[in-house]
Enquirer: 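If you scroll down you'll find the structure; I have some questions about it.
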Amino acid sequence: MESGKTNLIINYLPQTLQDEEFNTLFLSMGPIKSSKIVRDRSTGYSYGFGFVDYETPEDAQRAVDTLNGTELQNKTIKVAFARPSGENIKEANLYIKNIPKSMTRDELQALFTEYGKIIQVRILTDPYGNSRGVGFVLFDKKEEAEFALNSLDGIVPKGGTECLSVKHAEDNKGKARAPNQPAGGANVRGGYRHDRGGGMRGGMGQYGGRGGAYGGNMSGYWERPSMTSYGPAGPGGGYPRGGGGPMRSQSSRFRYNPMSSGYSQGQNESQNGGSGSGHILFVYNIGVDAQESTLWQLFSPFGTIEKVNVIRDHAKNQCKGYGFVTMSTYEEAANAIQNLNGYNFTGGKPLQVSFKSAKE
DNA sequence: TGAGATT
């Protein structure tokens with residue numbers, strides 16, 4: 001697969017993150033060929049990482065630039081280009097024991113670095129943040145890991161009294177299961193997860209271009225024809241109208257009982273923005289530098305985001321200070337209002353978050 | 001005995 005410039009690996013995903021949320025977050029950067037949270041086949045348990053393959057290298061790069069470091073629930077996700085897959089990158093992970101308690105992650109990395117390209121180093125800690133003396137070193141290649149194992153297993157590191165133990169990390173995949181997530185539970189909600197690739201990947205990628213619906217849902221992959229509005233690099237900068245109103249009257253009416261600015265749940269959906277069943281929130285005082293990812297970071301802790309929309313002055317190439325966030329359910333939207341309205345996140349004016357009224 | 005970086 002020569003998708004090296006478009007294929008991303010996403011690490012440190014929250015355990016409960018759904019495929020739909022995952023897909024929607026990355027779709028905000030542009031059209032994607034496929035996205036997937038890697039899960040145990042039988043239990044649906046998320047391994048905490050996933051892949052997103054964009055149609056263009058530019059969108060992939062932008063996703064790395066803007067979504068890496070995004071906080072989702074209790075995690076800070078990592079977004080990076082995926083290495084091309086192959087046998088040589090498997091079994092490249094080492095499990096280290098008897099690491100001196102005083103040794104830092106950087107020192108451990110320094111010890112291993114001469115044996116190859118290191119992808120990741122981790123020292124496990126107790127709840128107080130103290131080293132437990134065990135950790136992992138992941139190399140780029142199997143041979144490099146082998147070299148390090150043969151060279152370092154049994155040595156006494158500086159500052160230590162015990163022999164370092166270096167072994168191949170065991171693969172515990174398949175045993176894992178989240179405590180509150182029985183097999184077939186919430187992870188498979190919505191039916192977006194399918195095992196077995198279907199062997200049709202050669203047929204992917206013909207999606208009719210930007211601005212159109214992408215057809216062709218593949219087994220195990222996400223596809224969402226209704227989502228055609230992207231961020232700045234999207235088709236024609238396709239923001240719905242929506243400017244014009246709220247700027248003029250940024251007075252008390254937005255601060256005043258945000259739960260009731262002309263909104264009644266379950267009714268007037270068409271008034272409230274048209275498409276679908278989402279609940280649209282108006283978000284003001286997000287600052288001129290706000291990005292789609294800014295809204296994602298703010299709102300994703302409170303539920304499933306269907307869409308974010310930052311309103312920009314395209315002449316000045318900056319945000320007009322407000323945007324919209326569509327959440328899946330009324331409860332999530334209401335919860336976001338309760339938690340975010342009045343939140344001072346820019347250091348400037350506090351956020352004003354309310355249900356989008358008919359006027360806006 | 002140990003998290004979650006290769007579908």
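All values derive from a computational prediction rather than experimental measurement. In what follows, every chain begins at residue 1, and chains take the letters A, B, ... in the order their sequences are listed.
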Enquirer: Need one value for A169(A): base, sugar-phosphate or nothing, where a base atom within 4.0 Å counts as base even if backbone is also close, heavy atoms only.
Expert: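 The residue A169(A) makes base contact.
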
Enquirer: May I ask you to check whether F324(A) and F282(A) place their ring centres under 6.0 Å from each other?
Expert: yes

Enquirer: Are the side chain of R83(A) and the backbone N or O of I89(A) linked by a donor-acceptor pair below 3.5 Å?
Expert: no

Enquirer: Please verify the inter-ring angle class for Y47(A) with F49(A); under 30° counts as parallel, over 60° as perpendicular, anything in between as tilted.
Expert: parallel

Enquirer: Find the distance E87(A):CD to dT7(B):C1' and express it as a whole number of Å.
Expert: 13 Å

Enquirer: Tell me which nucleotide among dG4(B), dA3(B), dT6(B) gets nearest to the side chain of F136(A).
Expert: dA3(B)

Enquirer: Does CD in Q109(A) sit with more than 12 non-hydrogen atoms of other residues, nucleotides or ligands closer than 6.0 Å?
Expert: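 Check passes, neighbour count above 12.
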
Enquirer: Is there a path of hydrophobic side-chain contacts, each under 4.5 Å between heavy atoms, that joins F136(A) and L94(A)?
Expert: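 Shared cluster, no.
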
Enquirer: Y12(A) side chain: which of dG4(B), dG2(B), dA3(B) is closest?
Expert: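 Nucleotide nearest to Y12(A)'s side chain: dG4(B).
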
Enquirer: In this structure, how many angstroms lie between the C1' atom of dT6(B) and the CZ atom of R41(A), rounded?
Expert: 14 Å

Enquirer: With ring pair (Phe, Tyr, Trp, His ring centres under 6.0 Å) as the rule and sequence neighbours excluded, what pairs involving residues 16-40 of chain A come up?
Expert: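 Applying ring pair (Phe, Tyr, Trp, His ring centres under 6.0 Å) to every pair that reaches into residues 16-40 of chain A, excluding sequence neighbours, yields F22(A)-F26(A).
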
Enquirer: Looking at dT7(B), I'd like to know if its phosphate oxygens (OP1 or OP2) sit under 4.0 Å from a side-chain N or O belonging to K90(A).
Expert: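 True: K90(A) side-chain N/O within range (under 4.0 Å) of dT7(B) OP1/OP2.
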
Enquirer: Does any residue of residues 108-131 of chain A have a heavy atom under 4.0 Å from DNA chain B, and if so, which ones, in number order?
Expert: I119(A), Q120(A), R122(A), L124(A)

Enquirer: In whole angstroms, how far is the C1' atom of dT6(B) from the CZ atom of F139(A)?
Expert: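 Interatomic distance, CZ of F139(A) to C1' of dT6(B): 18 Å.
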
Enquirer: Can F51(A) be classed as stacking with the base of dT7(B), given a centroid separation cut-off of 5.5 Å and a plane angle cut-off of 30°?
Expert: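 Stacked: centres under 5.5 Å apart, planes under 30°.
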
Enquirer: Whole angstrom is fine here: how far is it from CG in D140(A) over to C1' in dT6(B)?
Expert: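 To the nearest whole Å, that distance equals 11 Å.
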
